[in-house]
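In this text, all values refer to a predicted model and were calculated from it rather than measured experimentally. When a ligand or atom number is given, it counts from 1 through the structure's own listing order.
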Amino acid sequence: MGTALVYHEDMTATRLLWDDPECEIERPERLTAALDRLRKCGLEQRCLRLSAREASEEELGLVHSPDYVSLVRETQVLGKEELQALSGQFDAIYFHPSTFHCARLAVGAALQLVDAVLTGVVQNGLALVRPPGHHSQRAAANGFCVFNNVAIAAAHAKQKHGLHRILIVDWDVHHGQGIQYLFEDDPSVLYFSWHRYEHGRFWPFLRESDADAVGRGQGLGFTVNLPWNQVGMGNADYVAAFLHLLLPLAFEFDPELVLVSAGFDSAIGDPEGQMQATPECFAHLTQLLQVLAGGRVCAVLEGGYHLESLAESVCMTVRTLLGDPAPPLSGPMVPCQSALESIQSACAAQAPHWKSLQLQDVTPVPTSPSTHSPEGRPPPLLPGGPVCKTAASALSSLLDQPCLYPAPPLCPAVALTAPDITLVLPPDVTQQEGSALNEETEAWARAHESLAQDETLTALGKLLYLLDGMLDGQVSSGIVATPPSAAAATLDVAIQRGLSHGAQRLLCVALGQLDWPPDLAHDGRILWLNIRGKEAAALSMFQVSTPLPVVTGGFLSCILGLVLPLAYGFQPDLVLVALGPAHGLQGPHAALLTSMLRGPAGGRVLALLEEDSTPQLAGILARVLHGEAPPSLGPYSVASPEDAQALRYLRGQLERQWKMLQCRPQTR
Ligand code: Q9C
Ligand code: ZN
């Protein structure tokens with residue numbers, strides 16, 4: 001449906017006219033650098049360009065007082081000295097004769113974006129604006145912000161579009177206290193902010209930026225603060241915060257619209273933030289938000305003061321909004337101790353208000369079900385098997401190897417044997433039978449009796465062809481339908497072929513009755529995750545089995561609390577999602593799982609499903625692999641006690657090896 005890019009050149013006009021070391025970083029080049037980079041990468045051209053309009057004074061009045069709007073209006077005619085004197089009455093603010101015009105364009109841009117998304121003109125978009133907005137308050141400018149762009153957009157979405165649930169995700173490195181104040185008693189706006197805090201020693205030095213500020217009155221639990229108490233937070237910390245804190249709440253909240261206060265001062269290189277997250281991380285954060293609200297995501301620029309880092313992070317965000325797969329994350333996926341403390345304290349503060357967090361181990365020590373652990377503590381995990389040295393060292397040496405396919409490929413392909421399913425996609429891959437592969441196909445078939453039938457051979461040929469296309473970087477993802485009797489054998493072939501064709505780490509998410517293929521080495525190159533409705537068990541850190549939760553809440557906790565942390569920790573270069581016999585998965589659940597598994601593997605997901613699956617299921621999977629939003633899961637229902645316990649047990653078993661599973665600091 002498309003991505004809007006809202007901008008107006010006039011927003012480069014406002015600038016600092018006197019010496020002020022604190023304010024000089026907020027300069028016009030921020031916008032031009034971001035826009036230039038979007039053009040150079042060919043991304044601007046792929047967006048629907050919208051020229052920003054000025055917000056009306058009535059629209060400003062949705063959150064600001066008439067007197068404050070008048071005060072800002074009158075700055076247009078002031079001289080430099082008067083501007084400087086007035087600026088001094090606020091914290092970290094400069095006014096320029098063009099400020100009123102620019103600030104109205106910034107609000108107008110956010111409103112146009114929301115209108116375009118909520119009227120179905122586009123699916124999502126980014127407003128590139130100055131001045132930023134999230135520090136601005138009802139009657140005060142603050143922290144470079146004059147009018148509160150995102151807050152006005154939220155109020156407008158409620159008032160003009162009748163929305164009832166809006167999620168605001170503020171990933172800027174500063175606390176958007178302005179947004180917090182404006183909605184703190186409003187349960188229709190869930191405001192999440194992470195921010196550099198350093199126990200209150202970082203600007204804006206507010207007690208109410210801490211995790212225990214959770215909103216008030218009707219709005220209790222609808223303000224979510226995640227204060228970072230150290231600088232240097234990186235990709236693992238940010239992704240962990242989303243998986244363990246923001247996303248459980250967000251799914252439970254079930255927003256109709258996601259607004260992002262998209263500040264990029266939380267990225268590496270920024271002088272304000274001093275954080276370590278790389279630009280690719282913003283592709284992942286964006287992708288993680290796109291599974292909410294039917295993909296209706298409106299990002300509005302806030303901070304970001306390192307021009308290179310800002311420009312690259314903006315490109316990552318727009319690329320992801322357009323549906324391209326996110327590049328793999330670099331660096332060890334291990335959240336730091338301080339981040340875990342912060343996440344844990346935010347979870348504890350929110351748990352009274354959210355069912356989705358009550359499942360989590362907010363209590364100090366996890367308890368194992370007695371059936372699994374007679375002595376009351378988890379049995380030691382076997383490493384992968386004979387080839388493994390120790391499990392952990394096996395993994396870390398694997399992770400040291402460079403990623404095989406650094407450039408994200410372009411487009412998914414689909415190969416289906418069922419004739420009534422037709423889908424778009426690169427004709428050269430789906431049409432050709434892959435004649436060079438025929439011999440090999442037959443060789444595979446000879447090795448597997450269940451494959452030695454004509455239609456099975458066809459499916460297998462397509463599988464091999466697709467897999468090669470993915471591993472060679474011609475296509476990003478694919479779907480293959482297999483005859484039901486051949487599901488296990490096909491999966492076996494896919495794994496062997498993936499490994500022999502260069503995949504170094506292969507994540508296999510097997511749903512239903514599928515077992516670890518018998519001849520496969522346990523060498524840490526495969527992470528096997530079986531979701532099938534029997535008991536929870538971790539045979540090794542690379543072979544995990546868990547029941548299939550039937551209720552939505554249990555399924556979500558399984559994805560967010562187990563599957564994705566394992567997947568992000570393993571950093572696979574290929575993911576196989578196999579819907580095997582009796583997988584029992586509902587379409588929207590399968591779509592969500594498949595969609596979210598694009599993240600950890602640079603989009604290289606191959607879905608295997610049975611031929612007699614419905615065309616709707618194949619269609620929905622093809623669309624999410626293409627970058628479309630999965631359908632909404634609807635109202636949240638809490639996980640069953642059994643599901644919650646199975647999950648807690650597995651996490652207790654695995655979190656020492658897979659650090660992304662942790663959502664509280666390690667004692668000991
Ligand atoms: N070194 C935005 O990013 N100065 N505003 C803090 C600490 C104010 C940031 C000084 C920073 C305002 C939108
Ligand atoms: Zn900021």
Side-chain angles (χ1 to χ4, degrees), residues 11 14-16 19-31 33-34 87-95 99 102-103 106-107 109-110 126-137 140-153 168-182 191-206 209 225-233 238 259-277 281-282 285 299-307 309-311 313-314 317:
M11 284 186 284
T14 184
R15 62 190 171 86
L16 180 64
D19 253 7
D20 180 346
E22 185 174 23
C23 290
E24 68 190 6
I25 56 176
E26 203 296 289
R27 51 201 184 100
E29 291 76 17
R30 296 179 56 234
L31 285 191
S87 302
Q89 296 179 21
F90 299 99
D91 185 5
I93 273 294
Y94 67 84
F95 287 106
T99 293
C102 294
V107 175
L126 171 72
L128 273 184
V129 303
R130 287 179 68 238
H134 71 153
H135 298 303
S136 152
Q137 297 151 39
N142 182 278
F144 316 152
C145 301
V146 176
F147 298 133
N148 202 314
N149 311 318
V150 166
I152 297 171
I168 299 177
V169 177
D170 188 339
W171 72 42
D172 186 281
V173 86
H174 302 96
H175 181 211
Q177 86 279 33
I179 302 182
Q180 175 168 316
Y181 298 156
L182 288 165
Y191 176 63
F192 170 90
S193 173
W194 64 34
H195 33 268
R196 180 171 169 189
Y197 186 61
E198 297 178 289
H199 302 284
R201 287 187 286 270
F202 188 71
W203 189 91
F205 315 107
L206 300 171
S209 304
N225 283 323
L226 177 55
W228 298 126
N229 287 318
Q230 284 177 12
V231 297
M233 296 301 163
Y238 286 5
L259 299 176
V260 184
S261 268
F264 298 98
D265 41 16
S266 45
I268 190 165
D270 192 279
E272 275 288 307
Q274 306 281 324
M275 297 300 179
Q276 294 284 336
C281 195
F282 295 92
L285 302 182
V300 180
L301 182 66
E302 300 280 2
Y305 307 101
H306 183 287
L307 296 185
S309 181
L310 166 68
S313 302
V314 164
T317 303

(request) Using a strict 4.0 Å cut-off to heavy atoms of A92, name the atoms of ligand 1 that fall inside it. (result) 8 (C)

(request) Quick one: give me the number of protein N/O/S atoms under 2.8 Å from the Zn ion (ligand 2). (result) 4

(message) For the aromatic rings, using the six-membered ring if either is Trp, is the centroid distance between W194 and Y238 under 6.0 Å?
(response) yes

(request) Test E26 against Y94 for side chain to side chain donor-acceptor pair (under 3.5 Å), laying out the working first. (result) CA-CA 10 Å; E26 203 296 289; Y94 67 84; 2.8 Å; yes

(message) Minimum heavy-atom separation for I168 and S261, please, with both atom names.
(response) CG2-OG, 4.5 Å

(request) Among all protein heavy atoms, pick out the one at the shortest distance from atom 1 (N) of ligand 1; state its residue, atom name and that distance to 0.1 Å. (result) E272 OE2, 3.3 Å

(request) Identify, by atom number and element, the atoms of ligand 1 in contact range of E22, meaning under 4.0 Å from any of its heavy atoms. (result) 4 (N), 6 (C), 8 (C), 10 (C)

(message) Using a 4.0 Å cut-off to any heavy atom of D172, which atoms of ligand 1 qualify?
(response) 3 (O)

(request) With heavy atoms of G143 as the reference, note each atom of ligand 1 found under 4.0 Å away. (result) 2 (C), 5 (N), 9 (C), 12 (C), 13 (C)

(request) Just need the protein heavy atom nearest to atom 2 (C) of ligand 1, so name the residue and atom and give the distance. (result) Y305 OH, 2.8 Å

(request) Answer side chain, backbone, both or neither: which part of D265 comes under 4.0 Å from ligand 1, heavy atoms only. (result) side chain

(request) Without swapping roles, check the side chain of D265 against the backbone of G273 for a donor-acceptor pair under 3.5 Å. (result) no

(message) Please check this pair: side chain of D270 against backbone of E272, looking for a donor-acceptor N/O pair closer than 3.5 Å.
(response) yes

(request) Output yes when the distance from some N or O of ligand 1 to some N or O of W203 is under 3.5 Å, and no in every other case. (result) no

(request) Please report the shortest heavy-atom distance between S266 and A277, naming the atom on each side. (result) O-CB, 4.0 Å

(message) Ignoring hydrogens, what is the shortest heavy-atom contact between F144 and E22? Give both atom names and the distance.
(response) CZ-O, 3.4 Å

(request) Measure across L307 and R27 and return the closest heavy-atom pair with its distance rounded to 0.1 Å. (result) CD1-NH2, 3.5 Å

(message) Among H134, H175, Q137, which residue satisfies the side-chain hydrogen bond (donor to acceptor under 3.5 Å, both in side chains) criterion with Q180?
(response) H175

(request) State whether the side chain of R196 and the backbone N or O of V173 hold a donor-acceptor pair below 3.5 Å, judged by distance alone. (result) no

(message) Quick check: H135 with W203 (ring centres under 6.0 Å apart)?
(response) yes

(message) Give the atom numbers and elements of ligand 1 that come within less than 4.0 Å of a heavy atom of P132.
(response) 13 (C)

(request) Would you kindly specify which portion of E26 sits under 4.0 Å from ligand 1, judged on non-hydrogen atoms: side chain, backbone, both or neither? (result) neither

